[in-house]
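Note that the numbering runs from 1 along the sequence shown for the chain. These numbers come from the heavy atoms of this one structure, side chains and all, not from hydrogens, waters or symmetry mates.
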Amino acid sequence: MYEMLIMRKSEVIIRCGTDEVHGIISQYYPEFQLLKINNIMVPITLIDQIELLGPDEPLSPVAHRLREPRTLHLVAQGGNSK
């Protein structure tokens with residue numbers, strides 16, 4: 001999903017709790033679960049909603065909501081993830 005937004009250069013609003021970031025996602029780092037938008041790194045585990053904006057979208061913006069809260073798991077080098 002994130003690669004499609006990057007390729008199309010779709011303008012989005014990302015909501016994390018009460019904070020919002022408005023712009024275009026420029027990079028997705030799957031190994032770290034991070035999105036880069038407006039030179040800000042946003043952990044995808046903290047994203048509550050991604051709202052698509054732009055001329056190609058319908059009049060009412062499409063929203064992607066995460067169904068459940070996620071947590072980050074740190075993995076030691078050479079260790080197994082749990």
Please report the closest heavy-atom contact between [X] and [Y], naming both atoms and the distance.
X     : Y     : value
Ile13 : His22 : CG1-CD2, 3.2 Å
Gln33 : Ile44 : OE1-CD1, 2.7 Å
Ile47 : Ile14 : CG1-CG2, 3.8 Å
Met41 : Leu34 : CE-CD1, 3.9 Å
Ile6  : Tyr28 : CD1-N, 3.6 Å

### Query
Between atom CG of Leu52 and atom CZ of Arg8, what is the distance when rounded to the nearest 0.5 Å?
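Taking CG in Leu52 and CZ in Arg8, the distance rounds to 7.5 Å.
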
### Message
With rounding to the nearest 0.5 angstrom, report the CD1 to CG distance, Ile40 to Leu35.
### Response
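Those atoms lie 12.0 Å apart.
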
#### Entry: Validation row: Val21, Asn38 side chains within 4.5 angstrom (heavy atoms)
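The answer is yes; the side chains approach within 4.5 Å.
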
### Query
Just by distance, do the side chain of Asp48 and the backbone of Cys16 share a donor-acceptor pair under 3.5 Å?
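Not a single qualifying donor-acceptor pair exists.
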
### Query
Can any side-chain N or O of Ser26 pair as donor or acceptor with the backbone N or O of Lys36 at less than 3.5 Å?
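Yes; judged by distance alone, with no hydrogens or angles, the pair exists.
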
### Query
Under 4.5 Å between side-chain heavy atoms, hopping through other hydrophobics if needed: is there a path connecting Met7 to Leu5?
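No; Leu5 is not reachable from Met7 via cluster members.
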
